[in-house]
Amino acid sequence: MKPYLLSVALGLLVGVIYALFQVRSPAPPVIALVGLLGILVGEQIPPLVKQWMARPAVATSWLHHQVKPHMFGELPTCAPTEQRKHG
């Protein structure tokens, strides 16, 4: 957060200096800055949607450990085989 506050403070300082020297700022027009803000907000949407759509790990764990065994019963397993020793 500190870098953002420092950036705003320095930007204000430079703006005051430009105003004192009566120089126009080389900054882009406001419409361009609004577009950049839209890009920044748009970059945050896909991760939020992915997080929102992803199942929480706790729910997945609960599903695999509680629901599956009760719904399907105990699934058959193969009988253990003895491993032959090569010697």
Side-chain angles (χ1 to χ4, degrees):
M1 184 73 175
K2 286 182 182 180
Y4 294 106
L5 294 175
L6 181 63
S7 178
V8 169
L10 289 175
L12 288 171
L13 177 65
V14 170
V16 169
I17 293 170
Y18 279 2
L20 291 174
F21 286 114
Q22 297 178 350
V23 177
R24 276 195 57 113
S25 168
V30 174
I31 190 77
L33 296 176
V34 171
L36 287 173
L37 178 63
I39 290 171
L40 290 174
V41 171
E43 286 178 345
Q44 303 305 313
I45 292 173
L48 287 174
V49 170
K50 285 180 185 177
Q51 181 181 2
W52 179 66
M53 292 182 72
R55 287 190 244 175
V58 174
T60 303
S61 176
W62 177 81
L63 178 70
H64 288 297
H65 294 291
Q66 297 292 324
V67 176
K68 270 189 177 180
H70 295 291
M71 286 182 64
F72 301 114
E74 190 173 330
L75 297 175
T77 58
C78 294
T81 59
E82 294 181 27
Q83 293 182 358
R84 296 181 184 155
K85 292 183 181 179
H86 296 288

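Numbering of residues begins at 1 and proceeds along the displayed sequence.
Every residue meeting the side-chain contact (heavy atoms from CB on, under 4.5 Å) condition with A32, not counting sequence neighbours, appears here in chain and number order: P28, P29. Every residue meeting the side-chain contact (heavy atoms from CB on, under 4.5 Å) condition with V49, not counting sequence neighbours, appears here in chain and number order: I45, M53. Applying the side-chain contact (heavy atoms from CB on, under 4.5 Å) criterion to F21, with sequence neighbours excluded, gives I17, V23. Partners of E43 under the side-chain contact (heavy atoms from CB on, under 4.5 Å) rule, at least two apart in sequence or in another chain, are I39, L40.
Think of V41 as one node in a network of Ile, Leu, Val, Met, Phe, Trp and Tyr side chains linked at under 4.5 Å; its network also takes in L37.
Annotation: side chain of V8 is not in contact with side chain of Y4 (no heavy-atom distance under 4.5 Å).
In this structure, L6 places its CG atom where more than 12 heavy-atom neighbours from other residues, nucleotides or ligands lie under 6.0 Å away.
Heavy-atom minimum distance, P26 versus Y18: CD-CE2, 3.3 Å.
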